[in-house]
Structure formats: structure tokens, C-alpha cells
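What's counted below: heavy atoms across the whole structure, side chains too, no hydrogens, waters or symmetry copies. A quick note: this is a predicted structure, and the numbers were derived from the prediction, not measured.
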Amino acid sequence: LPSSLKKDAAVIFPALSSLASKIMIEKEFEDETGFLDKFLGNYPGSHGTQIYPLEPSEKDFLAGAQLASRSGITIFFSFDAHLFPGQEKLLGALQKSCRQLIVVFLRDPYDVSFLRPQDVGITAFGFRKCQVKAVLERIFG
């Protein structure tokens with residue numbers, strides 16, 4: 001990415017903490033905002049974050065679209081949008097309002113079918129801290 005885009009990024013990330021009662025969620029993802037703010041704090045610029053529920057609502061679509069419209073690049077972490085219709089709608093709202101979009105597939109690459117030709121898709125091969133960190137380091141590094 002050009003350095004100008006790296007300095008003005010929106011990161012939209014699922015609320016993995018909501019899964020903690022069902023599966024093991026790493027401690028860092030019990031506070032997704034804290035994890036992202038700490039990571040992004042290592043890079044120059046102003047970065048916005050939004051944590052969305054796995055089944056986002058109209059309010060989440062609007063907040064995501066607003067954040068994306070004022071950011072140089074939007075990075076959307078998808079968690080099975082093909083199974084959660086609200087995530088597909090959130091992605092659509094981001095596509096309408098963002099300047100440039102990177103979609104990170106956390107679970108599997110099936111959500112690639114929702115991308116437009118100008119969107120970039122990256123698979124993280126999972127949602128563990130090391131996988132999320134590796135993708136973010138690749139994008140921002």
C-alpha cells in the first residue's frame with residue numbers, strides 16, 4: 001500500500017469475544033478494540049476501528065459506512081459473511097462508501113464471491129491472534 005493510505009485506515013473487525021462462551025478465544029480478542037488500537041498505534045497516522053457483532057444491524061451498517069467514507073482505505077475482517085446475512089449487508093455498505101477496500105477472510109475464502117473487481121481479498125487462514133497479526137503486518141508493513 002502507498003504510505004498515504006496506511007496513515008488513514010479504517011479497520012472493521014468482528015466481535016470475536018462474543019464467541020468466548022462457545023470456543024476458546026485468545027485473551028487479546030476479549031478486547032478487540034484494545035488489541036487493534038495497540039497494534040495500529042505502532043504505525044503513523046490516524047486509524048479508526050469498529051467492532052461489529054457477527055450479525056450486524058442497521059446501526060452497524062451506518063457506522064461502518066461513515067468510518068469508511070472518511071478513511072483512505074477500509075480493511076474489513078469477514079467472519080463467514082456467506083452464513084451471516086448482516087455481514088454481507090455490512091460489506092455492501094462499505095463497498096458503497098469506501099475509497100479502497102481490503103477484505104480479510106478469517107474463516108474461509110467463500111466470501112470472495114461478494115467482492116467487486118476493484119476490491120482486494122486476503123485470507124488469514126483463521127482468526128487466531130498470530131493469523132490476524134500476520135495479515136495486518138503484511139498490509140501495514
Side-chain angles (χ1 to χ4, degrees), residues 1-116 118-141:
L1 288 178
S3 58
S4 61
L5 289 180
K6 292 179 194 180
K7 292 180 180 180
D8 184 24
V11 178
I12 300 172
F13 196 83
L16 296 178
S17 57
S18 67
L19 299 171
S21 65
K22 298 176 186 171
I23 61 173
M24 194 278 295
I25 296 297
E26 294 164 299
K27 186 167 182 63
E28 291 82 0
F29 289 140
E30 291 175 9
D31 175 16
E32 299 91 344
T33 302
F35 170 81
L36 292 169
D37 287 348
K38 183 177 178 182
F39 180 87
L40 295 170
N42 294 319
Y43 296 93
S46 62
H47 308 289
T49 58
Q50 176 190 349
I51 307 304
Y52 69 88
L54 294 182
E55 193 55 73
S57 68
E58 204 60 46
K59 177 183 157 190
D60 301 304
F61 308 151
L62 182 58
Q66 288 175 345
L67 179 58
S69 70
R70 63 179 188 262
S71 302
I73 190 159
T74 301
I75 303 164
F76 175 65
F77 284 81
S78 169
F79 191 91
D80 283 340
H82 62 284
L83 299 176
F84 295 97
Q87 284 187 48
E88 182 181 353
K89 289 179 185 174
L90 175 57
L91 176 56
L94 298 175
Q95 288 171 322
K96 289 177 186 170
S97 58
C98 73
R99 295 181 192 143
Q100 193 167 356
L101 180 65
I102 297 175
V103 178
V104 179
F105 311 117
L106 289 175
R107 297 258 303 155
D108 50 52
Y110 298 128
D111 295 345
V112 71
S113 64
F114 301 131
L115 299 188
R116 306 167 300 175
Q118 66 266 36
D119 299 333
V120 174
I122 301 172
T123 186
F125 297 103
F127 57 92
R128 300 299 176 197
K129 180 180 85 169
C130 63
Q131 294 159 311
V132 170
K133 239 178 126 180
V135 167
L136 286 170
E137 286 171 352
R138 182 69 177 147
I139 292 170
F140 287 95

**Request:** Could you check if a side-chain atom of L94 sits within less than 4.5 angstrom of a side-chain atom of F61, using non-hydrogen atoms only?
**Result:** no
Using atom types as modelled, flag every donor-acceptor pair under 3.5 Å from a side chain in residues 132-141 to any protein atom, sequence neighbours excluded.
none

**Asked** Taking D80 for the side chain and L83 for the main chain, is one N or O donor matched with an acceptor at less than 3.5 Å?
**Response** no
**Asked** Between CG of D108 and OG1 of T123, what distance do you get to the nearest 0.5 Å?
**Response** 8.0 Å
**Asked** Does the gap between the ring centers of F29 and F13 come in under 6.0 Å?
**Response** yes
**Prompt:** Looking at CG of L62 and OG of S97, how far apart are the two atoms once the value is rounded to the nearest 0.5 Å?
**Reply:** 9.5 Å
**Fill in**
L16 and F127 have their tightest heavy-atom pair at CD1-O, 3.9 Å
**Request:** Could you tell me the separation between the SG atom of C98 and the CD atom of Q118, rounded to the nearest 0.5 Å?
**Result:** 8.0 Å
**Message:** With heavy-atom distances below 4.5 Å as the criterion, would you say the side chains of I12 and L67 are in contact?
**Reply:** yes
**Q100 side chain vs I73 backbone, donor-acceptor pair below 3.5 Å** = no
Sequence neighbours excluded and cut-off under 3.5 Å, please list the side-chain donor-acceptor pairs for residues 44-58, or say none.
unit_1, atom_1, unit_2, atom_2, d
H47, NE2, P44, O, 3.2
Q50, OE1, G64, N, 3.0
Q50, NE2, D60, O, 3.2
Y52, OH, F77, O, 2.6
Y52, OH, Q87, OE1, 3.2
E55, OE2, G86, N, 2.5
S57, OG, K59, N, 3.4
S57, OG, D60, OD2, 3.1

**Request:** Identify which one of E32, E26, E28 satisfies the salt bridge (Lys or Arg N to Asp or Glu O under 4.0 Å) criterion when paired with K129.
**Result:** E28
**Message:** With a 6.0 Å cut-off (strictly less than), is the heavy-atom count around NZ of K6, excluding the residue itself, greater than 12?
**Reply:** yes
**Request:** Anything under 30° is parallel, anything over 60° is perpendicular, the rest tilted; go ahead and classify F79 against F84.
**Result:** tilted
**Asked** Is there side-chain contact between L115 and V120, with at least one heavy-atom pair below 4.5 Å?
**Response** no
**Heavy-atom closest contact (S78 atom, V103 atom, distance)** = CB-CG1, 4.0 Å
**Message:** How long is the straight-line distance from CG of L91 back to CZ of F76, given to the nearest 0.5 Å?
**Reply:** 5.5 Å
**Fill in**
Looking only at heavy atoms, the pair that brings R128 and I25 closest together is NH1-CA, 4.1 Å
**Prompt:** Would you call the rings of F39 and F35 parallel, tilted or perpendicular, where under 30° means parallel and over 60° means perpendicular?
**Reply:** parallel
**Asked** Hey, does the side chain of R116 reach the backbone of Q95 with a donor-acceptor pair shorter than 3.5 angstrom?
**Response** yes
**Asked** What are the two closest non-hydrogen atoms of A124 and V104, and how far apart are they?
**Response** CB-CG1, 4.0 Å
**Request:** Tell me, with the steps shown, if T74 and I102 meet side chain to side chain contact (heavy atoms under 4.5 Å, CB included).
**Result:** CA-CA 6 Å; T74 301; I102 297 175; over 6 Å; no
